[in-house]
Protein chains: 2
Amino acid sequence: MNNNTHFEEKLRSAGLRPTKQRLKMCEILFHRKKTFHFTIEDLRKVLKKKLDIKISQATIYNTINAFKNKGYIKEISLNSDKTYFDTNVTNHHHFYNVTTNELIDFHDKDVEEIKLRKNLPGKKIRSIEVLVKVSNK
Amino acid sequence: MNNNTHFEEKLRSAGLRPTKQRLKMCEILFHRKKTFHFTIEDLRKVLKKKLDIKISQATIYNTINAFKNKGYIKEISLNSDKTYFDTNVTNHHHFYNVTTNELIDFHDKDVEEIKLRKNLPGKKIRSIEVLVKVSNK
DNA sequence: TCAATATATTAGAATGATTCTAAAGTGTTT
DNA sequence: AAACACTTTAGAATCATTCTAATATATTGA
């Protein structure tokens, strides 16, 4: 099974038609060893440089939003003018280097269990995320 | 010592001139019992309704940025199209209700100490923030 | 207190990320 | 292949935030 077939199935199983644009974006986003942290701008540059493809702005946004809604990628909570996404959709946390704007993952196992002493009756916990801001010394 | 004098001193001690606009904003932001979570839009509405004042957009942004730089307020890391600020500048964390967009503080003491098993050599930790996303059931 | 200087405020324009529009194109189903 | 549904596109629209440069206010020093 080559990647294309794999990605076609992935898209279909989420109810998304496997179009040329979506398959190309899958290649960039998911055919890699390490987690990819990106903004829309980063992604457009990669599409251009690596695949020499131009996908319109609107399609990139539509597709990323579709992927987000289907749980293929997730949005990262940072205060930044741009929105950051992450191809790692497992429960995990981030180091954010405020000097370089670099983001680094760390997993649940890299932190001792987070135990809340406060809870909100009638509410359901959806996620617990830790953001560690660091700077170069 | 009335509030105005208090706020004048607060501003001066941070190297900010106590102007009419800044004093009015201090009243709204700091003369309250509970933490205030707000966006620029929220703040403008309150200035308008409570004090019947119009401060220009640019001044509101300039002043909020000055207050942020002086550590009077802090920015909250959320993914939202708008930037959220918090008048509670102590180390603390947030519940974010994704159903209602409501933000609730919880303090360091409301969570067991967060112990990282991973660290980044050559980097200095600036803050550790927890964001707990909840929804109405 | 007054003039000189430095800093702040303002309206409106500019910028930049994201979303919308509606027309043309592609994928799916029969 | 026809009919239908969904997708892509360029460009316009929107919205938060920042910039501009003119005017106003605060501070300093004589």
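All chains are named by letter (A, B, ...) in the order of the sequence lines, taking the proteins before the strands, and each is independently numbered beginning at 1.
Note on A:R12: every side-chain N or O is 4.0 Å or more away from OP1 and OP2 of C:dG27. Put simply, A:S56 has no side-chain N or O that comes within less than 4.0 Å of OP1 or OP2 on D:dT8. Taking side-chain N and O atoms only, A:T83 has a distance below 4.0 Å to OP1 or OP2 of C:dT18. For B:Q57, no side-chain nitrogen or oxygen approaches OP1 or OP2 of D:dA16 to under 4.0 Å.
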Is there a ring-ring contact (aromatic ring centres under 6.0 Å, His included) between B:F38 and B:Y84? Walk through the geometry before answering. CA-CA 5 Å; B:F38 64 98; B:Y84 277 79; 8.8 Å; no
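No more than 12 heavy-atom neighbours from other residues, nucleotides or ligands sit within 6.0 angstrom of NZ on A:K50. Counting heavy-atom neighbours within 6.0 Å of B:N101 CG, excluding the residue itself, gives a total above 12.
Across the protein-nucleic acid pair, B:I64 atom CD1 and C:dA8 atom P stand 15 Å apart, rounded to whole Å. Atom CD in B:Q21 sits about 9 Å away from atom P in D:dT25, given to the nearest Å. Distance CG (A:L11) to P (D:dC6): 16 Å, rounded to an integer number of Å. B:I60 has its CD1 atom 16 Å from the C1' atom of D:dC15, to the nearest Å. C:dA11 atom C1' lies 13 Å from atom CZ of B:R44, rounded to whole Å. For B:I55 and D:dA24, the CD1 to P distance is 18 Å, given to the nearest whole Å. Nucleotide D:dA16 holds its C1' atom 16 Å from the CG atom of B:L78, rounded to whole Å.
If you find the closest nucleotide of DNA chain D to A:L16 and to A:K54, the one lying nearer the 5' end belongs to A:L16. Mapping B:A58 and B:R17 onto DNA chain C by nearest heavy atom places B:R17 at the nucleotide closer to the 5' end. Mapping B:K20 and A:Y61 onto DNA chain C by nearest heavy atom places B:K20 at the nucleotide closer to the 5' end. Comparing B:N65 and A:R22, the nucleotide of DNA chain D nearest to each residue sits closer to the 5' end for A:R22.
Looking at the side chain of B:T19, the nearest of the listed nucleotides C:dA8, C:dT10, D:dT8 is C:dA8. Of the listed nucleotides (C:dT10, D:dT17, C:dT28), C:dT10 has the atom at the smallest distance from the side chain of B:N62.
Closest approach of A:N91 and A:K74 over heavy atoms only: CA-NZ, 4.4 Å.
Looking only at atom types and distance, the side chain of A:D86 has a donor-acceptor partner in the side chain of A:H92 under 3.5 Å away.
Figure legend: A:K10 and A:F30 shown as a cation-pi pair, the cationic atom lying under 6.0 angstrom from the six-membered ring centre and within 45 degrees of its axis.
Within the 3.5 Å criterion, the main-chain N or O of B:E9 finds a donor-acceptor partner in the side chain of B:S13. Side-chain atoms of B:T63 never come within 3.5 Å of backbone atoms of B:R22 as a donor-acceptor pair (strictly under, hydrogens ignored).
Using five terminal pairs a side, the axes of the helix from C:dT1-D:dA30 to C:dT30-D:dA1 at its two ends make an angle of 30°, given in steps of 10 degrees.
Among the atoms of the strands shown, none is found under 4.0 Å from any heavy atom of B:T39.
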